[in-house]
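Index from 1, following the sequence.
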Amino acid sequence: MRKVLTSLLIGLASLLAACGNLSQRASEGPAPLNPALATPPERQLVVGYRDEGNLEAVSRLLGARVIATLPELKAALLELPSGLAQAEAARRVLGLARYAEPNRFDRSPIPLPNPRTAAQGIAPQAAFNDPLLPQQWWIPKIGAPAAWDQGGVGRGVTIGIVDTDFDRSHPDLCDQPARTRCLPGFNAFTLQAFAPTAPFQGQQNRDTHGSGSAGMAAALSNNGQYVAGVAGGNGHPSTAARLRPLVIFGGQNGGYVGDFGVAQALVWAVDRGVDVLNNSWGGGGYSYLLKEAFDYALLHGVIVVASAGNDYRDAYHLPSGLPGLIAVAATNPYDEKTGFSTYGPWVDLSAPGEDVLTTFVNLGTGTWLFGGTSAAGPVVAGSAAVVLQVLRDNGLNPTPYQVLRILQQTADPVQGPSDVVAGMGAGRVNVGRAVQMARGLQSPSQLPPPGSQIGILVLNKGSDARPGPGGLVTTDLLPFVPFSNVTLVHQSGKQMYAQTSPAGPALFLESPPGQYQVLVGGPSQIFLGGSEDPVQGAVSVLPGGEALAVLRQQADPYEVTPGNPLARNDTPQRATDLGQLFGPLPPAFTLSAAFDSNNLAQFGLPQGGPDVDVYKLSLQPGQTLHLRADSRLVGGLGTVKLPLLDPHGTPVLQSAEESPTEPAEIFYQASQAGTYYLKLEEVNGQQGPGYFYRLGVGLDASPPAF
């Protein structure tokens, strides 16, 4: 396993590389129902934790119950108390958890655009004896017979099918009756492993998708039955790629098991040596949990393939849009983009996906015309398995990126308008040419250059955070810009997208070496407020190397009032509770934020006028509070003053306005226990994009020096 960016990645590499056991461990015997399925979805929160003590602190702060953990990813699933909204809970643990997000249940297998049940027989025959092979136009189109002739059949490689279960009674998917080429699977609905001989983990007349995906990748070939698959061997099950079912769709209602269940299935498969993961499913949005689960696979050398989606247009899709995954668009028999296929600058390859004959879920039909990028993805997964087998036969152990580069360098052109072709990746996969290239590679030095690892750290412009020998040097409670959108644009035009988290950088594994433009969008408006402040940077990385880019962005992580995203923290009643947000506070710390009353204007809040931020914290009798505020040192041209209010909301002290030489400053000794309110006011109305303040707080201590 390759090392990753060190000090500034805030421990992310170690948690992804850790090897442990699923707390809800799969076994061959009975196991309880996945607890996520017994808990209302609106009361589920996924959190990334730092250690067991941190998880305990997060759950205690929220009054939540831990219902499952995934130690390999340092992720936990919490059941929130009744009445606590997910967004509110996520805001409360913003400075405590590594991330917090809902456990989403709205993803689906990528639907077939026009499913049919009869074959059309477009293309000529190939050499194998599968009776329906003459009707599989896509097999010769990708050069599969040439790959088979050269010994590229998938032998010894394991492909995980992340989908509905596939029909293991089908002789083209698992040889009958022994089913020796299939490996035990994992049912994320029950958290049980199941044997290849176990009953179908779904409904025969409903859960058909996985059987189509499995057949495209590796239906047993040259066995005299039904159809052929890319990595389906040569007449005997031992020569074919092994198939491992990972069931994330189906259950009692045919739905999605949820992001946490998917992460459990992925970790389970990676820990058992899967080589390729096919993902013909997805949806919109972003998930830190799924990002870290797929990073876990990449860090263990697993090739991850994902279908681009059937959205008809240039649109981002999850998980195929995650960095390091091989995103696959769909082509028709004429090497054009299908009408339904999603495409875009983040796509890596294309493959046939229109009316492609493959295996069905039961022997009553046996085969069907599959379609969509759901079919194109497993064509590439099977091709990757074949290339991996040939390279291993040569004694080589390639990285996922090196396998991708072989497939890209041997792909055939996609036809069509230039703007569409530009979004179809390097071309339509040609596994015959890829195997020919792989056979000629006899030493590690002959492999394509390995991929690189890139971290993008986005810091609050107003903070004092800076890279130092041991990591970040900072006095800020929250120096990062959580939820900032990061897009890398490679010199080739390839784009990759990830998000920063409250724990730190956006991480891009298995990335193309070379020059990148870095685009940083605004922070999440609902969580943080803050004006959209796109900034650009650049990063260069060598093959197999690591690079870190640090950018600064305007943000106000404290602006939005917990529990009400449409009200600013401008009164004591709507103050930001620092103790609730961060837990126990250090003796001295800094808050850095923006003076911009245009924050959240897109939600209809008034614009213009003085900006006021109010914070609250608890003091004990006799405890001293020392405050220092300044806007001059971080770009603001306004003037700051500091009122302090007692637990009754009565002003007890106010600083002088800051001067060109002196910050605004307060020193106060509490006479009574309770909650006190600190107000930051910009008194001249000179606020807007580019205006910042820093507030230093000392509790029985001096505030940090600016």
Side-chain angles (χ1 to χ4, degrees), residues 24 26 31 33-38 41 44 77 102-113 115 159-168 170 173 182 184-194 198-217 243-269 274 277-285 287 289-290 293-294 304-310 317-320 325 328 358-362 368 370-378 381:
Q24 303 289 334
L33 187 71
N34 189 326
L37 304 178
Q44 296 185 36
L77 183 62
N103 186 23
R104 292 184 56 172
F105 289 88
D106 58 347
R107 311 191 195 282
S108 62
I110 297 175
L112 277 63
I159 304 174
I161 305 297
V162 188
D163 212 307
T164 65
D165 191 15
F166 58 81
D167 186 0
R168 284 160 285 107
H170 197 304
L173 295 179
C182 288
F186 180 85
N187 188 329
F189 291 90
T190 63
L191 299 178
Q192 286 183 284
F194 57 91
F200 183 67
Q201 307 284 292
Q203 292 186 11
Q204 292 276 351
N205 61 351
R206 182 193 68 191
D207 300 320
T208 61
H209 200 269
S211 295
S213 297
M216 296 297 292
L243 291 176
R244 189 186 287 280
L246 302 167
V247 181
I248 66 167
F249 296 102
Q252 293 183 349
N253 302 316
Y256 176 57
V257 74
D259 288 353
F260 199 85
V262 173
Q264 290 173 304
L266 293 173
V267 169
W268 184 90
V274 71
L277 287 167
N278 182 76
N279 299 270
S280 294
W281 60 276
S287 167
L289 175 67
L290 292 182
F294 284 114
V304 185
V305 179
S307 302
N310 296 344
H317 187 265
L318 189 83
S320 57
L325 277 60
V328 184
T358 189
T359 48
F360 193 55
V361 72
N362 60 59
W368 68 335
F370 201 34
T373 59
S374 283

>> Can you tell me how far apart CG (Leu325) and CZ (Phe294) are? Round to the nearest 0.5 Å.
In response: 5.5 Å
>> I need the minimum non-hydrogen distance between Ser307 and Thr373, along with the two atoms involved.
In response: OG-O, 2.6 Å
>> What I'd like to find out is whether the side chain of Gln201 reaches to under 4.5 Å of the side chain of Pro245, using heavy atoms alone.
In response: no
> Looking only at heavy atoms, what is the nearest atom pair of Asp167 and Phe360, with distance?
Replying inline: CB-O, 4.3 Å
> Tell me, do Leu266 and Val304 make a side-chain contact under 4.5 Å, heavy atoms counted?
Replying inline: no
> In chain order, what residues pass the side-chain hydrogen bond (donor to acceptor under 3.5 Å, both in side chains) check against Thr358, with sequence neighbours excluded?
Replying inline: none
> Looking at residues at least two apart in the chain, or sitting in another chain, which of them share a side chain to side chain contact (heavy atoms under 4.5 Å, CB included) with Thr164?
Replying inline: Asp207, His209, Phe249
>> Is the shortest side-chain heavy-atom distance between Trp368 and Ser211 below 4.5 Å?
In response: no
> Tell me, do Ile248 and Tyr256 make a side-chain contact under 4.5 Å, heavy atoms counted?
Replying inline: yes
> Of all residues at least two apart in sequence or in a different chain, which pass the side chain to side chain contact (heavy atoms under 4.5 Å, CB included) check with Ala217?
Replying inline: Ile159, Pro378
>> Quick one, Phe370 and Ser213 - any side-chain contact, counting heavy atoms below 4.5 Å?
In response: yes
> Roughly how far apart are Asn187 CG and Phe194 CZ, rounded to 0.5 Å?
Replying inline: 6.0 Å
> Just how far is it from atom CG of Leu289 to atom CG of Asp259, taken to the nearest 0.5 Å?
Replying inline: 6.5 Å
> Step by step, would you call Trp281 with Val262 a side chain to side chain contact (heavy atoms under 4.5 Å, CB included)?
Replying inline: CA-CA 11 Å; Trp281 60 276; Val262 173; 3.9 Å; yes
> Nearest heavy-atom pair of Ser287 and Arg107: which atoms, and what distance?
Replying inline: CB-NH2, 3.9 Å
>> Are the side chains of Arg244 and Cys182 in contact, using a 4.5 Å heavy-atom criterion?
In response: no
> So Phe186 and Leu246, side chain to side chain contact (heavy atoms under 4.5 Å, CB included) or not? Walk me through it.
Replying inline: CA-CA 5 Å; Phe186 180 85; Leu246 302 167; 3.9 Å; yes
> Can you tell me how far CG of Asn279 sits from CG of Leu290, rounded to the nearest 0.5 angstrom?
Replying inline: 9.5 Å
> Which value, rounded to the nearest 0.5 Å, describes the distance between Ile161 atom CD1 and Asn278 atom CG?
Replying inline: 5.0 Å
> Is any side-chain heavy atom of Asp163 less than 4.5 Å from a side-chain heavy atom of Ser374?
Replying inline: no
>> Could you report the tightest heavy-atom contact between Gly377 and Val305, atom names first, then the distance?
In response: O-CG1, 3.4 Å
>> Please report the interatomic distance CZ(Phe105) to CG(Leu37), rounded to the nearest 0.5 Å.
In response: 6.0 Å
> Is the side chain of Asn34 donor-acceptor paired with the backbone N or O of Ala36 at a distance under 3.5 Å, no angle test?
Replying inline: yes
>> Quick check: closest heavy atoms across Ala214 and Leu243, and the distance to 0.1 Å?
In response: CB-CD1, 4.2 Å
>> Tell me the closest heavy-atom pair linking Gly160 and Val274, and the distance in Å.
In response: N-CG2, 3.4 Å
> Any side-chain heavy atom of Leu318 sitting closer than 4.5 Å to one from Arg104?
Replying inline: no
